[in-house]
Undergrad: 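Please read through the structure below; I'll follow up with questions.
Residues: numbered from 1 along the sequence shown.
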Amino acid sequence: MENSRLLLFDLDGTLLRDDKTISQRTLKALWECRKKGILLGISTSRSEQNALSFVEELKPDILITSGGALVKHRDRYIYRSGFSREDTERMIETARKVCGADCEITVDTVDAHYWNYKVDPKKQDKSWGDSIYTDFRDFQESSLKICVEIFEECQAKQLQELFPECDCVRFSDGYWYKFTPKEATKERAVMEICAACKISTEDITAFGDDYADIGMLQLCGKGIAMGNAIALVKQKADMVIGSNEEDGIAEYLEMEYEGKKN
């Protein structure tokens, strides 16, 4: 971490433990980094409002949300990419034709997170916060990101072919696929951050665990996979550390400090 000027963390399965909290040990290690002048950033597929509910105490300098569709440097938005109201409506209709009229869908807008789950996810996992229920039948909003639950791989491939303008990535912990504009990725977001902060990708150490993190880990100067990461992420990363449940991030940062002191 000797040359790191920015530490960039995915949330779920990375900075967050399974109970969706950041351990006190990890928070302490991160604050020590901040004292050394290192910037702290979040890069997540969650919406901005939802992501902030987990990192309020951390007060990140950088916030990449909705899979890279929205990028914030401190209090200023520096990048935004999304779908128009018409494109959002078209994509929802197409997903229902391909995957079934009752397929489950989520939509991130700049201001909210919408869903049509059959079972209220907030009753299963309170971390979903203020998600808004809608049946999407008359949805008149532009969007940043659309996710669709797709159980058949052939349907996922069909949607990818029907949405050639989209970046599509599957989440490993279920059957959900995220669709953002092709240019709206975590990698593109990193480049926008580099331009805004006047740093290079070599100045960034990134941490992740899932498919959507691979490009980011490979782009940054050092890409670190969590011990609980999927196999492909571990293969592509420069280093594998302890899991999100084992304070892997805190242990790594503490070892870096000790190395500097010696």
Side-chain angles (χ1 to χ4, degrees), residues 1-16 22-23 25-46 48 51-52 54-81 183-210 212-226 229 233 236-242 244 247-262:
M1 201 177 67
E2 186 174 348
N3 298 317
S4 291
R5 297 175 62 187
L6 167 63
L7 301 178
L8 193 56
F9 304 94
D10 173 51
L11 279 182
D12 296 277
T14 302
L15 188 61
L16 299 180
I22 304 174
S23 75
R25 181 182 175 188
T26 298
L27 280 171
K28 181 180 178 182
L30 292 172
W31 279 109
E32 289 298 321
C33 291
R34 176 162 279 156
K35 289 178 183 177
K36 295 176 181 292
I38 300 172
L39 299 173
L40 304 179
I42 301 299
S43 180
T44 179
S45 290
R46 288 181 179 265
E48 178 185 0
L52 285 172
F54 301 102
V55 296
E56 184 177 359
E57 189 174 359
L58 184 61
K59 295 179 174 57
D61 304 286
I62 304 297
L63 197 60
I64 298 170
T65 54
S66 294
L70 195 63
V71 185
K72 198 172 190 178
H73 176 217
R74 298 199 169 101
D75 295 325
R76 183 172 66 93
Y77 292 107
I78 62 173
Y79 180 74
R80 178 184 300 180
S81 180
E183 70 275 9
T185 63
K186 290 188 176 185
E187 303 94 277
R188 169 63 184 270
V190 166
M191 298 307 299
E192 296 292 336
I193 290 299
C194 286
C197 297
K198 295 181 172 54
I199 61 176
S200 76
T201 55
E202 290 299 312
D203 297 323
I204 304 173
T205 299
F207 301 75
D209 73 301
D210 210 345
D213 301 318
I214 291 174
M216 175 179 74
L217 298 189
Q218 292 185 302
L219 176 63
C220 293
K222 182 177 285 187
I224 299 179
M226 305 302 295
V233 173
K236 299 293 185 180
D238 298 309
M239 181 179 183
V240 180
I241 60 174
N244 65 323
D247 276 331
I249 289 171
E251 183 178 16
Y252 169 78
L253 297 177
E254 290 163 359
M255 288 178 63
E256 289 290 328
Y257 298 149
E258 292 172 4
K260 282 191 174 183
K261 289 176 182 177
N262 295 335

Undergrad: For Lys72, what residues pass the salt bridge (Lys or Arg N to Asp or Glu O under 4.0 Å) criterion, not counting sequence neighbours?
TA: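 Salt bridge (Lys or Arg N to Asp or Glu O under 4.0 Å) list for Lys72, sorted by chain: Glu48.
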Undergrad: Using the test ring pair (Phe, Tyr, Trp, His ring centres under 6.0 Å), find all partners of Phe207 that sit at least two apart in sequence or belong to another chain.
TA: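 For Phe207 the ring pair (Phe, Tyr, Trp, His ring centres under 6.0 Å) partners, ignoring immediate neighbours, are Phe9, Tyr252.
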Undergrad: Quick one: are Ile214 and Lys186 in side-chain contact, heavy atoms under 4.5 Å?
TA: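 No, their side chains stay 4.5 Å or more apart.
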Undergrad: Taking side chain as C-beta onward, heavy atoms only, is Ile22 less than 4.5 Å from Glu57?
TA: no
Undergrad: Applying side-chain contact (heavy atoms from CB on, under 4.5 Å), run through Asn244 and Leu16 and close with a yes or a no.
TA: CA-CA 7 Å; Asn244 65 323; Leu16 299 180; 5.9 Å; no
Undergrad: Is there a side-chain contact between Leu15 and Leu58 in this structure, where contact means two heavy atoms from C-beta onward sitting under 4.5 Å apart?
TA: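 Leu15 vs Leu58: side chains touch.
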Undergrad: Applying side chain to side chain contact (heavy atoms under 4.5 Å, CB included), can you list everything that pairs with Thr201, at least two apart in sequence or on another chain?
TA: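 Checked Thr201 against side chain to side chain contact (heavy atoms under 4.5 Å, CB included); matches are Val190, Met191, Cys194, Leu219.
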Undergrad: May I ask you to test the Cys197-Asp203 pair for a side-chain heavy-atom distance under 4.5 Å?
TA: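 Cys197 does not reach Asp203 side chain to side chain.
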Undergrad: Taking atom CG of Leu63 and atom CD1 of Ile193, what is their separation to the nearest 0.5 Å?
TA: 9.0 Å
Undergrad: Sequence neighbours left out, what passes side chain to side chain contact (heavy atoms under 4.5 Å, CB included) with Asp210? Give chain and number order.
TA: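 Asp210 satisfies side chain to side chain contact (heavy atoms under 4.5 Å, CB included) with Phe171, Ser172, Asp213, Ile230 only.
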Undergrad: I'd like to check Glu254 versus Arg25 (side-chain heavy atoms, cut-off strictly below 4.5 Å). Are they in contact?
TA: yes
Undergrad: What is the distance from atom CD of Glu256 to atom OG1 of Thr205, rounded to the nearest 0.5 Å?
TA: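 Reported value, rounded in 0.5 Å steps: 7.5 Å.
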Undergrad: Side-chain donor-acceptor pair under 3.5 Å between Asp12 and Thr44, yes or no?
TA: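 Not at all, the side chains of Asp12 and Thr44 share no donor-acceptor pair under 3.5 Å.
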Undergrad: Listed by chain and number, what are the side chain to side chain contact (heavy atoms under 4.5 Å, CB included) partners of Ala229, not counting sequence neighbours?
TA: Asp209, Ala225, Val233, Lys234
Undergrad: Determine whether Leu40 and Arg34 make a side-chain contact, defined as any pair of heavy atoms from C-beta on separated by less than 4.5 Å.
TA: yes
Undergrad: Considering only heavy atoms from C-beta outward, does the side chain of Ile249 approach that of Ile241 to under 4.5 Å?
TA: yes
Undergrad: Quick check for you: to the nearest 0.5 Å, what is the distance between Met226 atom CE and Asp10 atom CG?
TA: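 If I round to the nearest 0.5 Å, the distance is 9.5 Å.
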Undergrad: Any idea which heavy atoms bring Glu183 and Ser81 closest together, and the distance?
TA: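 Scanning both residues, the minimum pair turns out to be OE2-OG, 2.8 Å.
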Undergrad: Measure across Gly208 and Leu217 and return the closest heavy-atom pair with its distance rounded to 0.1 Å.
TA: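 Nearest heavy atoms, Gly208 then Leu217: N-CD2, 3.8 Å.
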Undergrad: Would you mind checking if Glu32 and Lys28 are paired as a salt bridge, meaning a charged N to carboxylate O distance below 4.0 Å?
TA: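 Answer for the salt bridge query: no.
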Undergrad: Going from CD1 on Ile204 to OG on Ser4, what distance comes out if it is rounded to the nearest 0.5 angstrom?
TA: 9.0 Å
Undergrad: Taking side-chain hydrogen bond (donor to acceptor under 3.5 Å, both in side chains) as the definition, give me every residue that meets it alongside Lys198, ordered by chain and number, with sequence neighbours left out.
TA: none
Undergrad: How long is the straight-line distance from CD1 of Ile64 back to CG of Leu70, given to the nearest 0.5 Å?
TA: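 Atom-to-atom, Leu70:CG and Ile64:CD1 are 10.5 Å apart.
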Undergrad: CG/Leu8 to NZ/Lys222 distance, rounded to the nearest 0.5 angstrom?
TA: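 If I round to the nearest 0.5 Å, the distance is 15.0 Å.
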Undergrad: How far apart are the closest heavy atoms of Ser23 and Asp247, and which atoms are they?
TA: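 In this case the closest contact between Ser23 and Asp247 is OG-OD1, 2.5 Å.
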Undergrad: Ignoring hydrogens, what is the shortest heavy-atom contact between Thr65 and Ala51? Give both atom names and the distance.
TA: CG2-CB, 4.1 Å
Undergrad: Compare every heavy atom of Glu192 with every heavy atom of Ile78, then report the nearest pair and how far apart it is.
TA: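 Distance-wise, the nearest heavy atoms are CD1-O, 3.7 Å.
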